[in-house]
Structure formats: structure tokens, C-alpha cells
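The structure appears right after this line, and notes come after that.
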Amino acid sequence: MNDKPLFEIRQGATPMLVHTPHAGRLVPDGFDRTRLTDAEAFDQTCEQVRDRHADTLGLMIAARLHATIMLDHTTRMWCDPERYPDDREEMNTAGMGAIPTRDIDGHPLYKPGQAPGMRERGQRFRLLYTPWHRMLQAQCRTMLDTYGRCTIIDVHTHPREPRPFEPHADQPRAQTIIGHNNDPASRAIGARAAALLMGRGLTVGVNTAHRGAITPDGIHDIRLASIMVETRWDTAADPMARHDIADAIARALEGRA
């Protein structure tokens, strides 16, 4: 039996929210592996899609900013809280939507007739997806009400070579990629972060192979800014590089606390 919660939040003291949805490995209790087409392929895919070192980097950034951090401990192959839950999600066609049904090579995860149906999908949403997004929205609203502003730092990592299912696979895969939604505040923070990261000798892309940044549904407020920090696995594995990235992001956000 797993004692670890599916997700957790560690409260900070500033209007900063670090969001780490893809670093987890946990497969929740009750998951029936006999339904899988190939259990080994499932395990390999869980590891290949995990944002390696993102939790460590996210915690470092949160510590520098005295920020709140959301940590998802589950594997995104059970439920991916950063996918759209409906037809808006472009990864549905690759079987990599909110409830994945295919492995990294596009093969079915489940035996015929064994893929999660509506009832099971709903259960996974109730256990993780819905409370995760409620928590995200509640934190942002509280920060906006309390401080008059809120900044999300959406932390991810990616491999040097694109995964088979990735869109934008032809785009440059810099050591760090800054994503934003092109609103003025987020664009300005992203530009500062990119300049500071380059000043530390890192290669940087802005909205290249990975683009955009999460914002909660239902909040459309110019006081809310959000940037994504995507770090390549080989860079994220380097403690000195993690230190430099955390320092650059913290400096880019000076004045937002």
C-alpha cells in the first residue's frame, strides 16, 4: 500500500506559485496491471515521460522565492493534470491526453476492451484532476485577493531528443526554454529570465519546442502572470545548473513578491 499522497501543497509566504505536475512516479493503489498490454512498456513509458529532476528544481525555486509549491506525485500515465479534459487537447489524437491510452511509441497501453471507461476516467478525475485544478484556482484567487498579484512558475523538464508523440519536434531544444502566453506581464518576466539564464552560459529558447504556461480556468486577470521553465534533462541533472536556473528565475521575479 502506498502511504504517499497523490499530490501535496507546501504553503509559502509570497504571491508566487510553483507548479510541478509531471515529476511523479506513483501509481495509485488499485491499479490493475493485468489489464496492460505490456507491463514493462508501461513502466518504461512512465519513466520516459516523467519530468526528471523537476521536483528538485521546483523546490529550489520555491525556496528562493518563499513561494507556495504544488507537487503531483502520481505518474502522468495514470492521469495528466496539465492536459485539457476535452476535445481542446491536441494530444488526444496520440493517446496522450488527460487519461493516456497509448505508450510512448503509440502502442495501446491496455488489452482490447480493458482501457479506462467513463466511470474509471471519472474516478481518476475526482481523485486527482479536479482537486488539483481547484487547488490551483484557489491559490491564485487567494494571492490576487491578498497581494493584488500572482505569478505562476510552471516547472518542467524534457529529454535532449523529442519523444515520438511530441508536437513541435522540429523546434530547437535549448538547455532551458521559457514559455509564456504572450500577455505583457508574462512576456516581460520571460524576457528577463531568458537574459539572466543566457548570462549564466545556458542556451535558451522562448516558446520554441515547448510553449505557453499554465493558467487556471476561470481566472482572466491582468494581475496574473505565468511562465513555464522547461529544462533539458542533462542540464537539470547538474546541481550547479539547477542552482543557476533557480537563481536566474528568482532574480527575474524581483519586484513580484
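What you see below is based on every heavy atom in this structure, not just the backbone, and it leaves out hydrogens, waters and symmetry mates.
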- Query: Quick check: does any side chain N or O of Arg200 sit under 3.5 Å from a backbone N or O of Leu196, one acting as donor and the other as acceptor?
  - Reply: yes
- Within 6.0 Å of CZ in Arg119, more than 12 heavy atoms from elsewhere: no
- In terms of hydrophobic clusters joined by side-chain contacts under 4.5 Å, are Phe125 and Leu109 together? no
- Message: Can a donor-acceptor pair be found, under 3.5 Å and without considering hydrogens, that links the side chain of Arg187 to the backbone of Asn182?
- Response: yes
- Query: Are the side chain of Arg50 and the backbone N or O of Arg25 linked by a donor-acceptor pair below 3.5 Å?
  - Reply: no
- Find out whether Asp217 and His133 are in side-chain contact, i.e. whether some heavy atom of one side chain is under 4.5 Å from a heavy atom of the other. no
- Would you say Asp38 and His107 make side-chain contact, with heavy atoms under 4.5 Å? no
- Item | Whether Thr45 side chain and Ile104 backbone form a donor-acceptor pair below 3.5 Å | yes
- Query: Are side-chain heavy atoms of Arg124 and Pro116 found at a separation under 4.5 Å?
  - Reply: yes
- Would you kindly confirm whether Leu57 and Val204 end up in one hydrophobic cluster when ILVMFWY residues are joined by side chain heavy atoms under 4.5 Å apart? yes
- Identify, with sequence neighbours excluded, every residue that meets salt bridge (Lys or Arg N to Asp or Glu O under 4.0 Å) alongside Asp244. none
- Shortest non-hydrogen contact from Pro28 to Leu26? CD-O, 3.7 Å
- Message: Once rounded to the nearest 0.5 Å, what's the spacing between atom OG1 of Thr20 and atom CD1 of Ile69?
- Response: 4.5 Å
- Query: Does the distance from a Lys or Arg side-chain N to an Asp or Glu carboxylate O, for Arg173 and Glu230, drop under 4.0 Å?
  - Reply: no
- Query: Distance-only, no hydrogens or angles: does the Asp221 side chain make a donor-acceptor pair with backbone N or O of Arg223 under 3.5 Å?
  - Reply: yes
- Message: Donor-acceptor check, side chain of Thr203 to backbone of Gln175, threshold 3.5 angstrom: yes or no?
- Response: yes
- Task: Mind running side chain to side chain contact (heavy atoms under 4.5 Å, CB included) on Glu47 and Gln44 for me, showing each step along the way?
- Result: CA-CA 5 Å; Glu47 186 59 28; Gln44 290 175 349; 5.9 Å; no
- Task: Verify, without hydrogens or angle tests, whether Thr130 (side chain) and Arg126 (backbone) share a donor-acceptor contact under 3.5 angstrom.
- Result: no
- Item | Passing candidate, side-chain hydrogen bond (donor to acceptor under 3.5 Å, both in side chains) with His22, options Asp80, Thr75, Asp55, Thr74 | Asp80
- Task: Determine whether Tyr129 and Ile99 make a side-chain contact, defined as any pair of heavy atoms from C-beta on separated by less than 4.5 Å.
- Result: no
- Separation between OG of Ser186 and CD1 of Ile227, rounded to the nearest 0.5 Å: 8.0 Å
- Task: Taking all heavy atoms of Leu36 and all of Lys111, pick out the closest pair and write down the distance.
- Result: O-CE, 3.3 Å
- Item | Counterpart residues, ring pair (Phe, Tyr, Trp, His ring centres under 6.0 Å), relative to Phe165 (two or more places apart) | none
- Can you get from Ile189 to Ile152 by hopping between Ile, Leu, Val, Met, Phe, Trp and Tyr side chains that sit under 4.5 Å apart? no
- Report yes if some heavy atom in the side chain of Val229 is under 4.5 Å from a heavy atom in the side chain of Ile245; otherwise report no. yes
- Please report the shortest heavy-atom distance between Ala213 and Gly179, naming the atom on each side. CB-O, 3.9 Å
- Query: With no hydrogens and no angle check, is any side-chain donor or acceptor of Arg192 less than 3.5 Å from a backbone partner on Ala252?
  - Reply: yes
- Message: Would you call the rings of His158 and His210 parallel, tilted or perpendicular, taking 30° and 60° as the class edges?
- Response: tilted
- Message: Using only atom types and a distance under 3.5 Å, with no angle test, would you say the side chain of Asp51 pairs donor to acceptor with the backbone of Ala54?
- Response: no
- Determine, stepwise, if the pair Glu82 / Arg76 fulfils side chain to side chain contact (heavy atoms under 4.5 Å, CB included). CA-CA 9 Å; Glu82 208 174 41; Arg76 60 193 292 200; over 6 Å; no
- Message: Just checking Phe31: does its CZ atom have more than 12 heavy atoms from other residues, nucleotides or ligands closer to it than 6.0 angstrom?
- Response: yes
- Note on the structure: To the nearest 0.5 Å, atom CE of Met228 lies from atom CG of Asn181 at 9.0 Å
- Query: Got a second to check how far Leu202's CG is from Thr231's OG1, nearest 0.5 Å?
  - Reply: 8.5 Å
- Item | Ile177 CD1 to His156 NE2 distance, which is reported to the nearest 0.5 Å | 11.5 Å
- Kindly determine whether Tyr147 and Thr142 satisfy side chain to side chain contact (heavy atoms under 4.5 Å, CB included), including the steps that lead there. CA-CA 8 Å; Tyr147 298 96; Thr142 298; over 6 Å; no
- Of all the heavy-atom pairs spanning Met143 and Thr14, show the shortest one and how long it is. CE-O, 3.9 Å
- Linking I/L/V/M/F/W/Y whenever any side-chain heavy atoms sit under 4.5 Å apart, do Ile153 and Leu144 land together? no
- Task: Evaluate the side-chain proximity of Phe7 to Leu127: yes if any heavy-atom separation is below 4.5 Å, no if none is.
- Result: no
- Query: Counting N and O atoms only, with roles assigned by atom type, does the side chain of Asn207 sit under 3.5 Å from a partner on the main chain of Gly212, one being a donor and the other an acceptor?
  - Reply: yes
- Task: In sequence, state the C-alpha distance, the side-chain angles, and the governing distance for Asp247 and Arg242, and then conclude on salt bridge (Lys or Arg N to Asp or Glu O under 4.0 Å).
- Result: CA-CA 8 Å; Asp247 182 68; Arg242 289 198 301 266; over 6 Å; no
- Message: Whether Arg35 and Asp32 form a salt bridge (side-chain N of Lys/Arg under 4.0 Å from carboxylate O of Asp/Glu) is what I want to check.
- Response: no
- So, Glu254 and Arg256, do they make that salt bridge, N to O below 4.0 Å? no
- Closest heavy-atom pair and its distance - Ala193, Ile249: CB-CD1, 3.9 Å
- Query: Once you round to the nearest 0.5 Å, how far does CG of Leu65 lie from OG1 of Thr151?
  - Reply: 9.0 Å
- Item | Shared hydrophobic cluster for Trp233 and Val155 (ILVMFWY, side-chain gaps under 4.5 Å) | no
- Message: Counting C-beta onward and ignoring hydrogens, is there a side-chain heavy-atom pair between Arg102 and Met96 closer than 4.5 Å?
- Response: no
- Would you check if Leu71 and Leu59 make a side-chain contact, meaning some heavy-atom pair closer than 4.5 Å? yes
- Non-hydrogen atoms of Pro164 and Asp105 that approach each other most closely: CG-OD1, 3.9 Å
- Message: Around atom CD of Gln11, are there more than 12 heavy atoms from other residues, nucleotides or ligands closer than 6.0 Å?
- Response: yes
- Hey, is Asp145 close enough to Arg141 for a salt bridge, meaning N to O under 4.0 Å? no
- Task: Please report the C-alpha distance between Asp103 and Phe42 in whole Å, then the side-chain angles of each, then the deciding distance to 0.1 Å, and finally whether the side chain to side chain contact (heavy atoms under 4.5 Å, CB included) criterion is met.
- Result: CA-CA 6 Å; Asp103 67 20; Phe42 174 80; over 6 Å; no
